[in-house]
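Report on the following structure.
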Protein chains: 2
Amino acid sequence: MLNEHIEAIVKSTLFKGIDKKELGLVMNCLCPRVSDYRKNEHIVLTGDSFIGLGLVLQGEATVIKENSAGKRIMMTILKQGDLFGEMIAFSHYSDWLASVQAQSDCTVMYLPKEKIISQCEHSCPWHRKLIENMLAILSEKALQLNKKVEYLTMKSIREKICTFLLDQYKMTGRATFMLPMNRNELADFLNVSRPSLSREMCKLRDEGVIDFHLATVRILDVKTLQTCLE
Amino acid sequence: MLNEHIEAIVKSTLFKGIDKKELGLVMNCLCPRVSDYRKNEHIVLTGDSFIGLGLVLQGEATVIKENSAGKRIMMTILKQGDLFGEMIAFSHYSDWLASVQAQSDCTVMYLPKEKIISQCEHSCPWHRKLIENMLAILSEKALQLNKKVEYLTMKSIREKICTFLLDQYKMTGRATFMLPMNRNELADFLNVSRPSLSREMCKLRDEGVIDFHLATVRILDVKTLQTCLE
DNA sequence: AAAAGTCGGTATCCTAGGTTACAAAAAGAA
DNA sequence: TTCTTTTTGTAACCTAGGATACCGACTTTT
């Protein structure tokens, strides 16, 4: 089983930094359950009891969350090497909070949470690495959600845009940079409508604060950009 | 140092489930740095290099985040037993992302992250518990942020209210329940203005979907409440 | 019990931004 | 190139909900 799926395992953040040669031992110790699913089949269902952290070895799947009224909303697309269930694995929940459905024929590996934190008799060095990776995965997840909350909490589109552009400015260190997504995706990320986003960006251009052409943006007046956030 | 601060340590989620008698050994192994701060003094500053997970042993402090324009926003109030820096400790960041300021005279303990994940020579049983707690803390944090994102993403106040009420209904299992916060806090949580929240709640009452008096709410028509979310 | 402070409901007014629809530009395919 | 598709910008229209202000009901203080 290992050889045919080694690619997915190596790709995943959970096994990052663990030597390829060691993976045999690791898997032997973790003895994960592996299951196959056909296209459109449900991999897990909301409310099913949680059996372990999921890792997509093969194929593509979607995470679907049902709201209080039962409406289904697609949350994420999972590809080879992606994890799911990482937020509930070590929480007080014992059931899945969302469903996962196969978009193509899929192979999924389940890692029981006890196996991840338990120190096996030999107290293998990679075990520590596994725990470290798990902590890093959860931390990054929380930070990413935190960032999202920050954007969603802003009241005006202008504030969202200015913050986003200043973030990009800081990250790239240049006044001229490329936006990492198209208008639709950006509007989605900021939780506003695409035309409203365009309208506001054009206003900023008319005011001489920024200039842009498609994905290329140049910040002309950092100070004014900052005053939008005060 | 242990005896005078045992209360805070026992209170904290990080040391939950570790026997009081063992705490001496635990602290001996973790050998945390402890620092005192005076009222209004900065405990950590955004950009300072991260030295370890913070635990408030005594006093009260506030977490203050600066946005891209440098505007300072109060994020949380930390009390005895509260942790800070748990999201960055195991992330790729090596600097603090927010500042912490003492609101009263404070004592703070710093736990280096290596000490938390390292297995000491004696491979103490409580070490595993510590890791488990750390994973639980991060998971719950991520889940809580996830919930917040869900609420913030909804476009209409009505949808937010209906979701909130259905959540409460599910949690309590009763059609009549008490709201866990007052109108101001609820408006804040849902990221809307208080009068708008009142207005919409009254509309729902006028339509016969719910009834309420102050904090007491009764759901009259679950189905209609659910259709708001579709 | 009078005074002061808090909390929730209500009315008015107004604007930011959603919706829809279309046109222009860019990118890709044939 | 030319045709098609996708991505943007723009304009017109309209409403959800923010801001503000005020009132009445309760609470707490003195």
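Quick note on labels: first sequence line is chain A, next is B, and so on, each numbered from 1. All heavy atoms count here, side chains included; hydrogens, waters and symmetry mates do not.
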Discussion item. Determine whether the aromatic ring centres of residues A:Y151 and A:F189 are separated by less than 6.0 angstrom.
Written reply: yes
Using whole Å, what does the distance between atom [atom2] of nucleotide [N] and atom [atom1] of [X] come to?
| X | N | atom1 | atom2 | value |
| --- | --- | --- | --- | --- |
| A:I161 | C:dG17 | CD1 | C1' | 11 Å |
| B:R158 | D:dT15 | CZ | P | 16 Å |
| B:I157 | D:dA19 | CD1 | P | 11 Å |
| A:N184 | C:dT19 | CG | P | 13 Å |
| B:E200 | C:dG9 | CD | P | 13 Å |
| A:M154 | C:dA16 | CE | P | 18 Å |
| B:N191 | C:dG17 | CG | P | 13 Å |
| A:L179 | D:dT7 | CG | P | 15 Å |

Among [options], which is the nearest nucleotide to the side chain of [X]?
| X | options | result |
| --- | --- | --- |
| B:F212 | C:dG8, D:dG9, C:dG9 | C:dG9 |
| A:C202 | D:dG18, C:dG18, D:dG9 | D:dG9 |
| A:N182 | D:dT8, D:dG18, C:dG9 | D:dT8 |
| A:S156 | C:dG9, C:dT20, C:dG17 | C:dG17 |

Practice prompt. Would you kindly compare A:L214 and A:P195 by the position of their nearest DNA chain C nucleotide and give the one closer to the 5′ end?
Written response: A:P195
Discussion item. Let me spell it out: for each of A:S196 and B:H213, pick the nucleotide of DNA chain C with the closest heavy atom. Which residue's pick is nearer the 5' end?
Written reply: B:H213
Discussion item. Under a 3.5 Å distance rule, please check whether B:N133 uses its side chain to pair with a backbone N or O of B:K16 as donor and acceptor.
Written reply: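 Present.
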OP1, OP2 of [N] versus side-chain N and O of [X]: anything below 4.0 Å?
| X | N | answer |
| --- | --- | --- |
| A:R205 | D:dT10 | yes |
| B:R183 | C:dG9 | yes |
| B:R194 | C:dC7 | no |

Item to complete: Please report the closest heavy-atom contact between B:Q80 and B:A8, naming both atoms and the distance.
Response: CG-CB, 3.4 Å
Worksheet item: Which residue lies toward the 5' end of DNA chain D, A:R199 or A:K155, if each is placed at its nearest nucleotide?
Response: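 Its nearest nucleotide lies further toward 5', so the answer is A:R199.
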Item to complete: Classify the angle between the aromatic ring planes of A:Y110 and A:F84 as parallel (below 30°), tilted (30 to 60°) or perpendicular (above 60°).
Response: perpendicular
Worksheet entry | N-O pairing of A:E200 and A:K160 below 4.0 Å |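 Between A:K160 and A:E200 there is no salt bridge, as every charged N stays at least 4.0 Å from the carboxylate O atoms.
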